[in-house]
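Contents: one structure, followed by commentary.
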Amino acid sequence: MEISVIIPTFRPQEYLWECLDSLKAQTLSSDLYEIIIVLNGEKHPYWQQIEEYISDMSGIRLIYSQERGVSNARNSGLDKAEGRFIVFIDDDDKVSPTYLQELYEKADEQTIVLSNTYNFTDDNPDDLIPVRPTELHHILSSKGRIPYIESRRFFFTVWMKLIPAAVIGDRRFDPTLSIGEDSTFMFLISDRIRYTDFTSKDAIYYRRLRGNSAMSLHYGKGRRSMVINDLRLIWTYTRIYLSGLCRYSFRFYITRVRGAIHI
C-alpha cells in the first residue's frame, strides 16, 4: 500500500459525505491508497450511518476509538495505517480530483509534499478564499524541492501535505493539547525531514470554515485560556527540542515558540 488517508471524525454531519465523495473522485488508482475513517467518542448512530455510506467503496476501513479528541483519533489511524505515506484530511474538508496523484508523484522518503489550499464557507462554497499558505505555495512551488526550513510556515498543520510513514515512525500526536497539536506534531517529526516539494496549483486542499470549530470555541473562552494554552505549547516545543539538541533545528524551534505567543 502506498498511501494511507486518515480521516478523524466526531459526531459527523453531511460534510463527511462531501469529504468521501472527493476521495471517490481521485485520479490516482484506488489500488494505491487506503482510507481509514476513525470514529471517536459517540459511536451510535454514526457508525451505522458511515457503514451504510461506504458500503460500495473499496479500500476503506472504519475503526472506532472510545477516546475523544482529534489527536487520539489520528493516533489510532496511524496505528492501523499500512501505507508508505500518510495523508491527513479533516472530516469537514475536501480535496480536488488530482490531489493524491500529484502528492504521490513528488513523494520520497525524506520529503514532505505540499499542496495548494483554499478556504471556503457553507454559505458560499464556490467562493474560494485564498490564505497565506495559498500565496506561499504559488511563490515556492516554482523552486521545486527545497530544504524544509524554507517552507516552515506550512508546518502549523498536518493537512495539505503528504508525509512519509518512515518520518513519523512511532511518534504520535499529543492528546493533552486541545489547540496546537498539529504544529507540535510537525515539530516532533521535523528532525527526520530534509526537503519539501510542491504539487501544481491544481492539487487543492479545500478547508471549510466553521464557527464552531475547535479553535474558535477554544479562543472564545477568553484571554486566560489563550495564555494557558500558549504556555503549554511553548513547554511542549521546548521539551521536544531539549530531547534532541543535535537533531532539531534551533532556528525552527524559535519560530515555533514565537508563533505560540499570542500576547
Indicate every side-chain donor-acceptor pair of residues 119-128 with a distance under 3.5 Å to a residue at least two apart or in another chain.
from: Thr121; atom 1: OG1; to: Asn124; atom 2: N; distance (Å): 3.2
from: Asp122; atom 1: OD1; to: Arg208; atom 2: NH1; distance (Å): 2.2

Practice prompt. Please assess Ile37 against Ile63 for the test side-chain contact (heavy atoms from CB on, under 4.5 Å), listing each intermediate value before the final yes or no.
Written response: CA-CA 6 Å; Ile37 303 174; Ile63 63 177; over 6 Å; no

With ring centroids as reference points, do [X] and [Y] lie under 6.0 angstrom apart?
X	Y	answer
Phe88	Trp159	no
Phe85	Tyr33	no
Phe155	Phe185	no

Practice prompt. Mind running salt bridge (charged side-chain N to carboxylate O under 4.0 Å, His left out) on Arg74 and Asp182 for me, showing each step along the way?
Written response: CA-CA 10 Å; Arg74 286 174 176 158; Asp182 284 24; 2.5 Å; yes

Worksheet item: Any idea how Phe250 and Tyr241 line up, ring-wise: parallel (<30°), tilted (30 to 60°), or perpendicular (>60°)?
Response: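 The rings of Phe250 and Tyr241 sit tilted, inter-plane angle from 30° to 60°.
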
Discussion item. Can you pull out every side-chain hydrogen bond (donor to acceptor under 3.5 Å, both in side chains) where at least one residue sits in residues 160-171? Sequence neighbours excluded, please.
Written reply: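 Qualifying pairs, neighbours excluded: Arg171-Asp191, Arg171-Tyr248.
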
Discussion item. Check for me whether Arg256 meets the cation-pi criterion with Phe187, that is, NZ or CZ under 6.0 Å from the six-membered ring centre and within 45 degrees of the ring axis.
Written reply: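 Ring-cation test returns no.
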
Practice prompt. Using a 4.5 Å cut-off on heavy atoms from C-beta on, say whether the side chain of Leu28 contacts that of Ile3.
Written response: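 Answer yes - side chains close enough.
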
Worksheet item: Can you tell if the side chain of Gln66 reaches within under 4.5 Å of the side chain of Tyr64, non-hydrogen atoms only?
Response: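 Yes, at least one pair of side-chain atoms sits under 4.5 Å.
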
Fill in: Distance-minimising heavy-atom pair for Gly77 and Ile36
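Looking at all heavy atoms of both residues, the closest pair is O-CD1, 3.9 Å.
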
